[in-house]
> 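Sharing a structure with you now.
These values consider heavy atoms only, across backbone and side chains, with no hydrogens, waters or symmetry-generated copies. Letters go in sequence order (proteins before strands), and every chain restarts at 1.
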Number of protein chains: 2
Amino acid sequence: MASETATTALAHSALATDIDFLAVKAFTTGTRIANRSLESHGLRVRSYSVLAITCGEVPVTQRDLAEFLALDPSQIVSLVDELESAGLVKREVDPADRRSRVVRATKRGRDRFAAARGAIAEAERESLATLDGAERAELLRLLRKLVFGPEDAPSAGT
Amino acid sequence: MASETATTALAHSALATDIDFLAVKAFTTGTRIANRSLESHGLRVRSYSVLAITCGEVPVTQRDLAEFLALDPSQIVSLVDELESAGLVKREVDPADRRSRVVRATKRGRDRFAAARGAIAEAERESLATLDGAERAELLRLLRKLVFGPEDAPSAGT
DNA sequence: TATTGTTATACTCTATAACTATA
DNA sequence: TATAGTTATAGAGTATAACAATA
């Protein structure tokens with residue numbers, strides 16, 4: 001069977017020990033699943049990410065969003081445009097600095113997020129099905145250290 | 001500072017415990033670094049991946065490549081076109097099934113791969129700098145289990 | 001002079017559908 | 001009829017550059 005040949009070839013190639021390659025392979029599949037799950041909520045992973053952050057307690061500007069999503073400010077514009085025209089977030093001029101726009105989720109946005117969050121959790125269960133609970137926890141810990149750094153890593157919480 | 005606000009907001013959002021989100025964030029950065037490292041070798045991560053596999057001992061068809069890179073066969077066509085016109089791989093008609101093309105690295109392709117592999121290793125060191133050796137090993141183990149499954153995972157080797 | 005948001009553009013990646021040649 | 005490879009196309013993501021309003 002071709003698929004057996006494929007797996008064999010991959011397992012014997014240099015890529016089998018390339019963390020970046022394996023990660024991209026695993027998580028592009030994860031993104032695909034997540035995008036399908038979000039489709040019925042009118043979102044994709046990127047717009048979901050923006051919505052999730054604006055649903056938090058800390059007020060954020062578009063510049064803030066660009067920074068930690070590691071996207072160019074111009075990309076944030078279209079994401080916020082999209083969410084705003086759907087009535088999920090609104091832009092507010094920052095009185096302290098009238099160049100800045102603080103982006104906040106509306107009531108409707110928070111409701112949408114709550115529903116979409118369930119879809120994301122389900123997608124994650126699917127894409128991480130081969131890992132047990134302890135392994136997922138460890139994977140989460142390693143990723144947090146990668147993203148937030150050794151010190152800044154927020155505690156895992158409850 | 002805005003960047004502190006950004007990290008704080010992210011750490012307090014629902015995304016801080018979303019494995020897929022954190023993984024995508026961590027490894028799109030990794031891909032960016034890897035692409036820059038490969039630039040001087042005339043490759044990108046996707047063409048590097050194809051080249052890496054065709055440098056392995058197991059002969060692979062384009063269909064095989066599509067399968068384990070999780071790309072559409074039509075995307076493989078342009079990747080192989082690109083590598084072939086650079087003289088790094090060549091297509092051979094499979095005598096057993098003349099529909100299939102076996103893709104093999106040329107001598108030049110293997111040399112290029114050897115050089116590029118060093119660049120990839122360097123990029124990986126950079127993108128995983130916050131993890132120590134044991135953590136990288138564990139991350140690799142978890143990713144292999146995700147990609148190859150619990151049984152098919154090739155042994156980590158030396 | 002520097003920064004926030006915006007518009008514009010080009011290139012890469014992702015996702016499908018249809019076609020050809022072989023089986 | 002089914003499969004391997006190919007061509008074509010449209011939409012999403014990535015990367016830059018330039019501009020207006022504000023600091």
Side-chain angles (χ1 to χ4, degrees), chain A residues 1-3 5-6 24-25 27-36 38-39 42-50 59-67 69-85 89-103, chain B residues 1-3 5-6 21 24-25 27-36 38-39 42-50 59-85 89-103:
Chain A
M1 246 163 269
S3 78
T5 302
V24 168
K25 180 169 169 55
F27 296 108
T28 55
T29 304
T31 298
R32 218 172 307 216
I33 295 171
N35 274 331
R36 287 199 204 278
L38 287 172
E39 201 169 11
L43 297 168
R44 294 178 63 80
V45 289
R46 294 178 70 174
S47 46
Y48 170 85
S49 299
V50 171
V60 287
T61 65
Q62 294 189 191
R63 165 70 40 172
D64 294 329
L65 289 167
E67 257 180 57
L69 292 175
L71 298 176
D72 191 87
S74 64
Q75 298 174 30
I76 299 297
V77 171
S78 50
L79 286 168
V80 173
D81 280 351
E82 180 190 327
L83 290 170
E84 192 172 43
S85 66
V89 303
K90 56 183 193 302
R91 286 174 166 96
E92 293 170 5
V93 174
D94 183 351
D97 182 347
R98 282 162 50 214
R99 290 173 303 183
S100 296
R101 315 286 151 174
V102 174
V103 184
Chain B
M1 249 163 267
S3 78
T5 302
F21 171 78
V24 168
K25 180 169 169 56
F27 296 108
T28 54
T29 304
T31 298
R32 220 171 307 216
I33 294 170
N35 273 331
R36 287 200 205 276
L38 287 173
E39 202 169 11
L43 295 169
R44 294 178 63 80
V45 289
R46 294 178 71 174
S47 47
Y48 170 84
S49 299
V50 170
V60 287
T61 65
Q62 294 190 190
R63 165 70 40 171
D64 293 329
L65 289 167
E67 258 180 55
F68 60 65
L69 291 174
L71 297 177
D72 191 86
S74 65
Q75 298 175 30
I76 299 297
V77 171
S78 50
L79 286 168
V80 173
D81 280 351
E82 182 190 325
L83 290 169
E84 192 171 43
S85 66
V89 304
K90 57 183 192 299
R91 287 174 166 96
E92 293 171 4
V93 174
D94 183 351
D97 181 344
R98 283 160 52 213
R99 291 173 303 182
S100 296
R101 316 286 151 174
V102 174
V103 183

> Suppose we screen for side-chain hydrogen bond (donor to acceptor under 3.5 Å, both in side chains). Which residues come up paired with Ser78(A), at least two apart in sequence or across chains?
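So Ser78(A) forms no side-chain hydrogen bond (donor to acceptor under 3.5 Å, both in side chains) with any residue.
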
> Nearest whole Å is fine: how far is dC11(C) P from Glu82(B) CD?
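Distance, rounded to whole Å: 14 Å.
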
> Please enumerate all residues that pass salt bridge (charged side-chain N to carboxylate O under 4.0 Å, His left out) together with Asp81(B), with sequence neighbours excluded.
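By the salt bridge (charged side-chain N to carboxylate O under 4.0 Å, His left out) rule, Asp81(B) matches Arg91(B).
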
> Nearest whole angstrom, please: distance from the C1' of dT14(D) to the CD of Glu39(B).
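Going from CD in Glu39(B) over to C1' in dT14(D) covers 14 Å.
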
> Grab the CG-P distance between Leu71(A) and dA15(D) for me, whole Å please.
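So the CG-P distance, Leu71(A) to dA15(D), works out to 9 Å.
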
> Please list, in numerical order, the residues of residues 72-80 of chain A that have a heavy atom closer than 4.0 Å to any atom of DNA chain C.
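Correct list: Pro73(A), Ser74(A), Val77(A).
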
> OP1 or OP2 of dT4(C) sitting under 4.0 Å from any side-chain N/O of Arg91(A)?
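The answer is no; no side-chain N or O of Arg91(A) sits under 4.0 Å from OP1 or OP2.
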
> Let me know, please, whether Val102(A) or Ala70(B) comes out on the 5' side of the other along DNA chain C by nearest nucleotide.
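It is Val102(A) whose nearest nucleotide is closer to the 5' end.
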
> What are the two closest heavy atoms between Asp64(B) and Thr5(A), and how far apart are they?
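So the minimum-distance heavy-atom pair works out to OD2-CG2, 3.6 Å.
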
> What closest approach, in Å, do Pro73(A) and Arg63(A) show between heavy atoms, and which atom pair accounts for it?
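Where Pro73(A) meets Arg63(A) most closely, the heavy atoms are CG-NH2, 3.7 Å.
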
> Please produce a list of atom pairs where a protein N or O lies less than 3.5 Å from an N or O of nucleotides 21-23 of chain D.
{"unit_1": "dA23(D)", "atom_1": "OP1", "unit_2": "Arg98(A)", "atom_2": "N", "d": "2.9"}

> Using the test side-chain hydrogen bond (donor to acceptor under 3.5 Å, both in side chains), find all partners of Asn35(B) that sit at least two apart in sequence or belong to another chain.
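For Asn35(B) there are no side-chain hydrogen bond (donor to acceptor under 3.5 Å, both in side chains) partners, ignoring immediate neighbours.
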
> In whole angstrom, what separates Arg63(A)'s CZ from dA2(C)'s C1'?
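Result: 11 Å.
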
> dT22(C) P sits how many Å from Gln62(B) CD, rounded?
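Rounded to whole Å, this separation is 15 Å.
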
> Could you please name the option among dA12(D), dG5(C), dT16(D) that lies closest to any side-chain atom of Arg36(B)?
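Selected nucleotide: dT16(D).
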
> How many Å lie between CD on Glu84(A) and C1' on dG5(C), as a whole number?
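These atoms are roughly 13 Å apart.
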
> Which value, rounded to the nearest 0.5 Å, describes the distance between Ser47(A) atom OG and Arg44(A) atom CZ?
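Between atom OG of Ser47(A) and atom CZ of Arg44(A) there are 8.0 Å.
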
> How close do Val80(A) and Val89(A) get, heavy atom to heavy atom, and via which atoms?
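Smallest interatomic distance, heavy atoms only, reads O-CG2, 4.1 Å.
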
> Any chance you could lay out the side chain to side chain contact (heavy atoms under 4.5 Å, CB included) test for Val45(B) and Val24(A), step after step, and finish with the verdict?
CA-CA 10 Å; Val45(B) 289; Val24(A) 168; over 6 Å; no

> Take the protein atom CG of Asn35(A) and the nucleotide atom P of dG11(D), then report the distance between them rounded to whole Å.
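So the CG-P distance, Asn35(A) to dG11(D), works out to 16 Å.
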
> Grab the CZ-P distance between Arg44(B) and dA15(D) for me, whole Å please.
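In whole Å, dA15(D) P and Arg44(B) CZ are 8 Å from each other.
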
> With Asp97(A), which residues qualify under salt bridge (charged side-chain N to carboxylate O under 4.0 Å, His left out), at least two apart?
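Result, salt bridge (charged side-chain N to carboxylate O under 4.0 Å, His left out) vs Asp97(A): Arg99(A).
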
